[in-house]
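All remarks here apply to the structure that follows.
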Amino acid sequence: MDKRALVAALQQKLREEYEVVAAAAAAAREGATHEEAKPENEYDTRGLEQSYLAGAQTARAEAVLAAIAELEHFRPKSFSSDGPIGLGACVLVDDGREERRYFLCGHGGGSKLELEGHSYVVLAPGSPLSRKLFGKRIGDVVEHGVRGEDLELEIIGLA
């Protein structure tokens with residue numbers, strides 16, 4: 001498996017997210033300075049609210065750019081079939097009905113990636129499932145809630 005391709009796909013997804021967030025930040029900045037945003041009285045906070053929104057969206061855009069830059073230097077290592085799961089691992093689990101693939105990465109948690117005919121969900125280190133998987137090995141079972149249902153996920157593959 002080529003994990004560099006997974007990282008590249010994640011970077012592309014984050015670039016697309018950046019475009020959306022940057023456009024939203026620009027629109028909020030424009031809204032904050034628009035003629036209609038000027039307060040009509042001392043209790044009118046439309047312009048101030050738009051300003052806060054623009055600031056938050058700008059900060060989010062900067063965070064996405066930083067994540068893209070950090071991924072430029074991320075080289076996920078290969079994991080042996082008997083080693084513990086860590087950052088950069090691709091993990092295959094079986095919940096008894098279907099197999100699921102996860103990519104443990106420092107950025108892009110929750111992103112869905114398609115590669116070589118397989119779907120991967122990116123897990124950030126702080127996510128509940130990621131915390132359960134870290135340090136586990138093939139053959140271990142973790143319990144995790146998926147869509148309101150408690151499932152036993154057996155780790156069946158690691159790369």
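Worth saying up front: this structure is predicted, and the values here are computed from it rather than measured.
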Considering non-hydrogen atoms only, spot the tightest contact between [X] and [Y] and give its length.
X: Q57; Y: A28; answer: OE1-CB, 3.5 Å
X: A89; Y: L158; answer: CB-CD1, 3.7 Å
X: L14; Y: A67; answer: CD1-CB, 4.1 Å

Any side-chain hydrogen bond (donor to acceptor under 3.5 Å, both in side chains) involving residues 60-71? Give me the pairs, sequence neighbours left out, ordered by first then second residue. E17-R60, E70-H107
K112 with E114: basic N within carboxylate O range, under 4.0 Å: no
N-O pairing of E116 and R101 below 4.0 Å: no
Give the intermediate values and the outcome of side-chain contact (heavy atoms from CB on, under 4.5 Å) for residues R100 and V121. CA-CA 8 Å; R100 301 170 192 263; V121 175; over 6 Å; no
[atom2] on [Y] to [atom1] on [X], rounded to 0.5 Å:
X: L153; Y: Y102; atom1: CG; atom2: OH; value: 6.0 Å
X: I156; Y: D140; atom1: CD1; atom2: CG; value: 13.5 Å
X: F74; Y: L6; atom1: CZ; atom2: CG; value: 10.0 Å
X: I68; Y: L10; atom1: CD1; atom2: CG; value: 9.0 Å

Single-linkage hydrophobic cluster, 4.5 Å side-chain cutoff, [X] and [Y] together:
X: V142; Y: F79; result: yes
X: V21; Y: Y18; result: no
X: L92; Y: I138; result: no

Got a donor-acceptor contact below 3.5 angstrom from the [X] side chain to the [Y] backbone?
X: K3; Y: G88; result: yes
X: R75; Y: E72; result: yes
X: K77; Y: G86; result: no

For Q12, does the CD atom have more than 12 heavy-atom neighbours from other residues, nucleotides or ligands under 6.0 Å away? yes
Using a 6.0 Å cut-off, check whether atom CZ of R15 has over 12 heavy atoms from anything other than its own residue. yes
Counting only pairs under 3.5 Å, give me each side-chain donor-acceptor contact of residues 123-136, with atom names and distances, residues two or more places apart or in other chains.
from : atom 1 : to   : atom 2 : distance (Å)
S127 : OG     : A124 : O      : 3.1
S127 : OG     : S130 : N      : 3.1
S130 : OG     : A124 : O      : 3.2
R131 : NH1    : G126 : O      : 2.3
K132 : NZ     : E143 : O      : 2.8
K132 : NZ     : H144 : ND1    : 3.4

Report the C-alpha distance between C105 and V7 in whole Å, list the side-chain angles of each, state the deciding distance to 0.1 Å, and finish with yes or no for side-chain contact (heavy atoms from CB on, under 4.5 Å). CA-CA 9 Å; C105 187; V7 172; 5.6 Å; no
